[in-house]
Amino acid sequence: MFIAQELRKKNIAEYLLYMWQVEDTIRAFDCSLPRIRREYVERFDYSDEQKEDEIDWFGNLIRMMNEEGCREQGHLQINKVTMQMLIELHTQLLASPKFPFYSTAYYKVLPFIVELRNRGANKEENEIETCFNSLYGMMMLRLQKKEITPNTEHAVKEISTFIGMLSDYYKKDKEEGLKFED
């Protein structure tokens, strides 16, 4: 909860990837709050009050996962809404002549996105979702200490830069409001 709150303020892309990891963490503990408390939260250097807040947060996420039918797979509605906001911002940035650097970055990563989407199971997936799935996949490969090819490393580095730019625009839009037209 504390990490999520900080990431949401600083970097929406990192927040979303973190929340996907939290969903998978919950699944790894079979959606069991007692196990999450005992085997996960207790490892953190939190005060007793912070641990209780964290347990409450996990409990709410487990309840939402049960209600929304994503115990086994998929994402919580709160995460889907965040993704949708990023997709909408992406569309606005591309449509506006005021953001040529963003458009340039997008067209630079588009071949990687197309290749990844063609390899994936869901060919109808939005381009931004494809980018996030590739970043999350890379994160999982690194956690599992699996080998990553130089081509994949390069593609994900470019995608990461592009998503970083989208995240920066998201933050700027939330703080100041972006002007898409004159």
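Treat the numbers as computed from the prediction; the structure is a model and nothing was measured.
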Quiz item: Honestly curious: do Leu141 and Leu143 fall in one hydrophobic cluster under the side-chain, below-4.5 Å linking rule?
Solution: yes
Quiz item: Can you name the closest pair of heavy atoms from Phe180 and Leu93 and give their distance?
Solution: CE2-CD2, 3.8 Å
Practice problem: Quick one: pull up CE in Met140 and CD in Gln144 and give me the separation to the nearest 0.5 Å. | Solution: 7.0 Å
Self-check item: Thr25 side-chain N/O to Gln21 backbone N/O, donor-acceptor pair under 3.5 Å
Solution: yes
Quiz prompt | Distance-minimising heavy-atom pair for Asn79 and Leu16 | solution = O-CD1, 3.6 Å
Quiz item: Are Met65 and Val81 connected, step by step, through hydrophobic side chains (Ile, Leu, Val, Met, Phe, Trp, Tyr) whose heavy atoms are closer than 4.5 Å?
Solution: no
Quiz item: Between atom CD of Glu158 and atom OG of Ser134, what is the distance when rounded to the nearest 0.5 Å?
Solution: 12.0 Å
Exercise. For the pair Glu23 (side chain) and Leu76 (backbone), establish whether a donor and an acceptor sit closer than 3.5 Å, ignoring hydrogens and angles.
Key: yes
Quiz item: Taking atom CZ of Phe44 as the centre, does the number of heavy atoms from other residues, nucleotides or ligands within less than 6.0 Å exceed 12?
Solution: yes
Quiz item: Any donor and acceptor pair, going by atom type alone, linking the side chain of Ser96 with main-chain N or O of Gln92 inside 3.5 Å?
Solution: no
Self-check item: Least distance between heavy atoms, Ser167 atom then Ile12 atom
Solution: OG-N, 3.2 Å
Quiz prompt | Closest non-hydrogen atom pair, Ile163 against Ala13 | solution = CG2-CB, 3.5 Å
Quiz prompt | Any donor-acceptor N/O pair, Ser160 side chain to Val156 backbone, under 3.5 Å | solution = no
Quiz item: Can you tell me how far the OG atom of Ser103 sits from the NZ atom of Lys98, to the nearest 0.5 Å?
Solution: 14.0 Å
Quiz item: Counting distance only, does the side-chain N/O of Asn126 pair as donor-acceptor with the main-chain N or O of Ile128 below 3.5 Å?
Solution: yes
Quiz item: Between Tyr169 and His90, do the side chains contain an N or O donor and an N or O acceptor separated by less than 3.5 Å?
Solution: no
Exercise. Mind telling me whether Phe29 and Tyr40 have parallel, tilted or perpendicular rings, with 30° and 60° as the class edges?
Key: tilted
Self-check item: Non-hydrogen side-chain atoms of Met83 and Glu129 separated by less than 4.5 Å
Solution: yes
Self-check item: Donor-acceptor under 3.5 Å (Arg27 side chain, Arg71 main chain)
Solution: yes
Quiz item: Atom CD of Glu115 and atom OG1 of Thr152: how far apart are they, to the nearest 0.5 Å?
Solution: 8.0 Å
Exercise. Any chance you could measure Lys51, atom NZ, to Glu42, atom CD, to the nearest 0.5 Å?
Key: 4.0 Å
Quiz prompt | Neighbour count >12 (heavy atoms, 6.0 Å) for atom CD, Glu72 | solution = no
Quiz prompt | Side-chain donor/acceptor of Asn11 to backbone N/O of Leu7, under 3.5 Å | solution = no
